[in-house]
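Note that the numbering runs from 1 along the sequence shown for the chain. Since the model is a prediction, treat every value here as computed from it, not as a measurement.
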Amino acid sequence: MENRINVSKIDPKAYEAMIGLEKYLAQSGLDKMLYELIKIRASQINGCAYCINMHTRDAVKLGETSQRLFLLNAWRETDLFTEKERAVLALTEAMTLITNGHVPDDVYKNAEAHLTPNELAAVIMAVVAINGWNRIAITTRMPLD
């Protein structure tokens with residue numbers, strides 16, 4: 001693949017805004033494993049190899065099982081994920097695929113039922129963050145490390 005711009009080197013301040021969102025998420029109290037599931041699932045939908053690679057490794061370091069990672073893109077077909085995780089994954093998918101009918105009320109209400117207001121705010125911002133990172137990585141064709 002042809003090399004493209006490295007935004008972080010050309011304009012580090014552009015990355016600072018994204019890093020600021022990551023700092024918020026780190027202090028938000030959002031469960032780290034849940035955040036990794038959000039990042040992996042959105043990245044699968046977006047086809048971001050760089051982020052799938054990174055966040056799958058991060059999830060493994062946190063103790064995530066291979067089976068759950070292998071089946072994440074088919075989470076609805078398994079009983080491997082908790083009701084809370086399922087609600088978050090459904091919201092992640094709806095937000096990532098927002099042009100497919102926006103976020104349905106039932107998906108939002110289910111997430112709201114399984115999360116505290118602070119958790120819901122953090123999950124929404126986590127989905128926003130990973131979708132931003134995916135778009136940067138895909139557009140610039142960030143190479144796998």
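Residues Leu80 and Leu72 fail the side-chain proximity criterion, which asks for heavy atoms closer than 4.5 Å. Between Arg141 and Tyr50 there is no side-chain heavy-atom pair separated by less than 4.5 Å. Using a 4.5 Å heavy-atom cutoff, the side chains of Thr78 and Gln67 are not in contact. In this structure the side chain of Lys84 reaches within 4.5 angstrom of the side chain of Glu119, judged on heavy atoms. You'll find the side chain of Glu64 reaches within 4.5 Å of the side chain of Leu37, heavy atoms only. Side chains of Glu85 and Arg68 form a contact here, defined as non-hydrogen atoms less than 4.5 Å apart. Taking 4.5 Å as the limit, some side-chain heavy atom of Ile130 sits within range of a side-chain heavy atom of Cys51. Glu22 is listed as a side-chain neighbour of Tyr35, based on a closest heavy-atom distance under 4.5 Å.
Contact record, Ala137 with Cys48: CB-SG, 3.6 Å, taken as the closest heavy-atom pair. Ala122 approaches Leu25 most closely through the heavy-atom pair O-CD2, 3.3 Å. Tyr24 and Met125 make their closest contact through CE2-CB, 3.8 Å (heavy atoms, listed as atom of the first residue, atom of the second, distance). Nearest heavy-atom pair, Ala49 versus Leu144, reported as atom, atom and distance to 0.1 Å: O-CD2, 3.6 Å.
The line from CD1 of Ile138 to CH2 of Trp133 is 13.5 Å long, rounded to the nearest 0.5 Å. One distance of note links CE of Met142 with CG of Asn53; it measures 11.0 Å at 0.5 Å rounding. Note: Leu120 CG to Leu91 CG = 6.5 Å, rounded to the nearest 0.5 Å. Note that CD1 of Ile38 and OG of Ser43 are 11.0 Å apart. Values are rounded to the nearest 0.5 Å. For the atom pair OG1 of Thr139 and CZ of Arg4, the computed distance is 7.5 Å after rounding to the nearest 0.5 Å. A distance of 8.0 Å separates NE2 in His114 from OG1 in Thr82, rounded to the nearest 0.5 Å.
Hydrophobic clustering of Ile, Leu, Val, Met, Phe, Trp and Tyr side chains at less than 4.5 Å, counting indirect connections, keeps Ile52 apart from Leu71. Transitive grouping of hydrophobic side chains (ILVMFWY, heavy atoms separated by less than 4.5 Å) brings Ile40 and Val60 into a common cluster. Both Val123 and Met18 belong to a single network of hydrophobic side chains, linked directly or stepwise wherever heavy atoms of I, L, V, M, F, W or Y lie under 4.5 Å apart. In this structure, Leu34 is a member of the same hydrophobic cluster as Tyr108, with clusters built from ILVMFWY side-chain heavy atoms closer than 4.5 Å. Under a hydrophobic-cluster definition in which Ile, Leu, Val, Met, Phe, Trp and Tyr are linked whenever side-chain heavy atoms come within less than 4.5 Å, directly or via other members, Ile124 and Leu89 are assigned to different clusters.
Inspection of the Asn6 and Ser8 side chains reveals an N or O donor paired with an N or O acceptor under 3.5 Å.
Taking the side-chain contact (heavy atoms from CB on, under 4.5 Å) definition, one finds that Asn131 meets it with Ala42, Asn46, Thr96, Val127, Arg135, sequence neighbours left out.
Under 4.0 Å is where a charged nitrogen must lie from a carboxylate oxygen, and between Arg57 and Glu36 no such pair does.
Using a distance-only test at 3.5 Å, with no hydrogens or angles considered, no donor-acceptor pair links the side chain of Glu93 to the main chain of Ala90.
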Q. Between Thr92 and Val88, does a side chain to side chain contact (heavy atoms under 4.5 Å, CB included) hold up when you go through it step by step?
A. CA-CA 6 Å; Thr92 299; Val88 168; 4.0 Å; yes
